[in-house]
Amino acid sequence: MSDLLVNLNSEQLQAVSLPPQHALILAGAGSGKTRVLTTRIAWLIQTGQVEPSGVLAVTFTNKAAREMLARLSAMLPINTRGMWVGTFHGLANRLLRAHWRDANLPQLFQILDSADQLAAIKRLLKALNVDDEKFPPRELQHFINGQKEAGLRAHAVEAWDDYTRRRVELYQEYEAQCQREGVVDFAELLLRSYELLERHEPLRRHYQSRFRHILVDEFQDTNRLQYRWLRQFADEGREGAAAMFCVGDDDQSIYRFRGADVGNMRDFEREFRVANVIRLEQNYRSHGNILDAANAIIRNNANRLGKNLWTEQGEGEPIRVFEGYADVDEARWVVEEIGQLVRDGMSRSDIALLYRSNAQSRVLEHQLFSSGIPYRVYGGLRFFERQEVKHALAYLRLIANPDDDTSFARVVNFPTRGIGARSQEALTDAARTFNASLYSTVPHLSGKPGAVLAGFVRLIEDLRRDTAKLPLPELVDHVLDTSGLRAHYRNEKEGQDRLENLDELVSAAANFLAEIGPPEDPDADHALLADFLAHASLEAGDHQAEAGADAVQLMTVHSAKGLEFDVVFATGLEEGLFPHENSLLETDGLEEERRLMYVAVTRARERLYLSFAQSRMLHGQSRYNLKSRFLEEIPETLLKWLTPQRAATMPGNTYFRPSAASPAAAPPPRRRDDGGLRVGQLVGHARFGQGVIVATEGAGSDARVQVNFGAAGVKWLLLSVAKLEVA
Ligand code: ATP
Ligand code: MG
């Protein structure tokens with residue numbers, strides 16, 4: 001037996017050494033799917049059943065593709081460079097590069113990433129004089145990509161109403177612009193290569209006879225166009241065509257919200273008349289307790305193909321559970337625990353911190369950074385580097401210093417306010433002539449540029465004046481609204497994440513304030529704004545460990561798919577967060593969240609920590625959450641509580657002090673009692689003076705009141721932030 005095969009169990013062995021027939025490997029997490037797929041490639045080549053050039057293998061991320069190539073070159077004395085192993089986008093790109101002429105592209109066509117694509121769409125709308133309020137660019141981008149992913153060119157889209165007809169025209173114009181400029185967006189890569197093969201029969205035949213084996217990892221998360229793209233190479237499964245070898249796990253299907261379709265697994269079985277369906281049930285990754293927890297969780301999903309995992313490894317350690325008082329305590333505890341693990345000899349890169357949404361990373365990053373622990377964030381920018389956060393910071397910087405030209409240029413027309421490239425150029429030229437900042441040059445500009453730019457300067461001046469006396473979090477909040485940033489992202493199809501990050505900036509300001517205490521001179525205008533901005537740029541600086549350095553790994557659960565770590569911290573296990581509140585409204589939403597939880601738990605090899613906090617500053621509000629139902633789904637016998645377990649209580653009713661043994665124990669935060677505030681009550685505010693409450697909203701730390709301050713106006717105030725005195 002080939003030494004490639006010696007370490008495989010019998011089902012794995014069967015899968016790896018199948019004859020060249022279509023096969024579906026349907027198996028749970030950590031059962032060796034990826035290993036089987038990689039080993040099969042090596043085995044086919046080693047035994048001379050296929051040339052390296054006859055293999056087409058698709059993985060989900062670049063990281064996974066790189067790992068697969070690395071493993072292959074370790075198993076085989078071949079140069080893997082000629083092999084077609086990569087992501088869908090990577091492989092489509094390769095195909096188009098090889099056949100650019102037939103694909104009707106310039107030889108050096110450029111690829112637009114999503115931000116470039118958006119910029120291109122904006123330019124198009126401007127050139128065509130299209131009202132971008134009626135046709136928001138982001139929405140148009142979503143529309144165009146959606147059509148492309150459905151395999152539809154503009155002429156093939158059915159439009160029943162004028163609005164859609166106009167969008168289709170713009171789609172057409174966009175295509176023409178890209179073609180003229182020789183650029184290709186992500187969705188185009190796949191569609192263009194699909195069409196190329198469909199149209200060009202000799203080419204299709206060439207690849208159909210070249211690729212003898214097509215192997216697909218994470219098959220449960222392919223979308224329709226990807227499936228059709230694959231099918232083309234396999235000649236629709238006809239006699240003598242390439243063998244399709246797909247591995248997947250329906251329990252780990254976590255991209256349905258993006259159009260991935262588990263139905264592809266069933267279609268594949270049917271359309272290719274798959275005779276070999278192999279299930280792997282032995283898990284090699286995780287210790288018993290971890291696996292039992294994963295099984296217990298996923299069992300609650302009704303919609304499953306059904307399988308159970310077992311392991312030969314012992315039960316291992318219990319799963320450690322930590323309940324923090326607040327998110328900051330949770331983060332502090334995580335970091336202390338990591339410190340201990342590292343002192344005990346663990347590599348930082350064997351430790352992963354997982355969270356449900358990107359916005360949650362900020363608190364963790366902050367604690368890691370303050371403790372000097374190197375870390376890396378995967379599959380997402382660090383908080384202060386995110387586009388929307390940078391936009392917001394640019395407004396704040398202009399308030400602090402209007403002569404900051406970079407910030408000026410960044411947001412002068414963001415959100416779009418009709419300040420076109422020509423006006424901006426005129427301004428830049430004049431500023432150069434005057435040798436002055438952009439901001440200070442505006443009043444010297446005449447004509448249309450002068451007029452439109454004056455509007456922006458007025459906005460900044462208003463912001464400066466209106467926020468001068470506001471506490472930092474209220475200042476940030478005000479800027480987000482008045483600048484139009486919130487409204488802008490609210491109108492975006494996929495702006496939810498960005499909105500949450502903006503709200504998170506308000507939390508960051510509140511935390512910053514809590515950390516450094518009141519300003520030295522509370523009467524100074526914009527007290528602490530400059531300090532906060534310095535803090536933001538420091539944290540955004542180059543503190544993230546370099547690639548390859550031994551660093552703690554931070555990522556969302558989505559980006560952890562397929563990976564494994566000795567130690568995993570799954571944090572923020574709270575109702576509303578994980579499961580995410582949005583999921584509760586959608587069919588299959590909760591089940592998709594549960595699959596995500598299953599992915600999170602099954603990343604751990606040896607030790608799993610699950611944690612949650614009673615209160616969390618998120619999206620600009622502190623919220624009191626119950627612990628996640630997913631925690632409740634794990635049998636108590638598998639758990640070891642690091643903090644005393646509370647009886648279930650309503651959120652906000654009871655305060656739990658972590659025991660003295662828990663180092664992260666934190667005193668309850670200063671909390672203003674919001675009880676008793678009622679409509680009609682008189683209150684005092686340091687800046688706005690005396691007012692009367694006209695409305696109340698929310699509860700606990702979410703509580704907001706609307707106060708009429710007479711001459712100072714009617715304001716909504718967040719009770720946890722605003723200092724209100726009861727008269
Ligand atoms: P996921 O669903 O999370 O992608 P997977 O099914 O692809 O998981 P792999 O990543 O291939 O699982 O394997 C999980 C771990 O188990 C890896 O470290 C792999 O090397 C190991 N493993 C798999 N099969 C065996 C085996 N027969 N003997 C020893 N270790 C194995
Ligand atoms: Mg895998």
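Read the numbers this way: they start at 1 and go in the same order the structure lists the ligands and their atoms. This is a predicted model, so every value here is computed, not measured.
Salt bridge annotation for Arg266-Asp250: absent, with no cationic side-chain nitrogen under 4.0 angstrom from a carboxylate oxygen. For Lys561 and Glu218, the salt-bridge test passes: some basic side-chain N is under 4.0 Å from an acidic carboxylate O.
Side chain to side chain, Ser193 and Trp229 meet the donor-acceptor criterion of an N or O pair below 3.5 Å.
Ser73 places a side-chain N or O within 3.5 Å of a backbone atom of Leu69 that can act as its donor or acceptor partner. A distance-only check finds a donor-acceptor pair linking the side chain of Asn300 to the backbone of Ala296 [under 3.5 Å]. Listed for the Ser357 side chain is no donor-acceptor partner under 3.5 Å among the backbone atoms of Ala359. Under the 3.5 Å distance criterion, the side-chain polar atoms of Asp251 are left unmatched by any main-chain donor or acceptor of Arg595.
For atom 4 (O) of ligand 1, the closest non-hydrogen atom on the protein side is Gly562 CA, 3.6 Å. Of all protein heavy atoms, the one lying nearest to atom 23 (C) of ligand 1 is Arg35 CD, 3.5 Å. What sits closest to atom 5 (P) of ligand 1 on the protein, heavy atoms only, is Lys33 N, 3.5 Å. For atom 29 (C) of ligand 1, the closest heavy atom belonging to the protein is Tyr284 CD2, 3.6 Å.
Between Gln12 and ligand 1, a contact under 3.5 Å exists for at least one N or O pair. The shortest N or O to N or O distance between Ser31 and ligand 1 is below 3.5 Å. An N or O contact shorter than 3.5 Å links Gly30 to ligand 1 by distance.
No option in Leu44, Thr38, Leu37 other than Leu44 meets the side chain to side chain contact (heavy atoms under 4.5 Å, CB included) test with Arg40. Across Leu95, Val55, Val58, a single residue satisfies side chain to side chain contact (heavy atoms under 4.5 Å, CB included) together with Trp84, and that is Leu95.
Using a 4.0 Å cut-off between heavy atoms, Glu564 contacts ligand 1 through its side chain alone, with no backbone atom that close. If you look at Asn7 next to ligand 1, the close heavy atoms, those under 4.0 Å, all belong to the backbone.
Within ligand 1, counting atoms from 1 as listed, the ones closer than 4.0 Å to a heavy atom of Gly28 are 6 (O). Close approach to Arg603 involves these atoms of ligand 1, each under 4.0 Å from a residue heavy atom: 3 (O). Counting atoms of ligand 1 from 1 in the listed order, those under 4.0 Å from a heavy atom of Gly32 are 5 (P), 6 (O), 9 (P), 11 (O), 12 (O), 13 (O), 23 (C).
Here atom 1 (P) of ligand 1 lies nearest to Arg285 when heavy atoms of Arg605, Arg285, Glu312 are compared.
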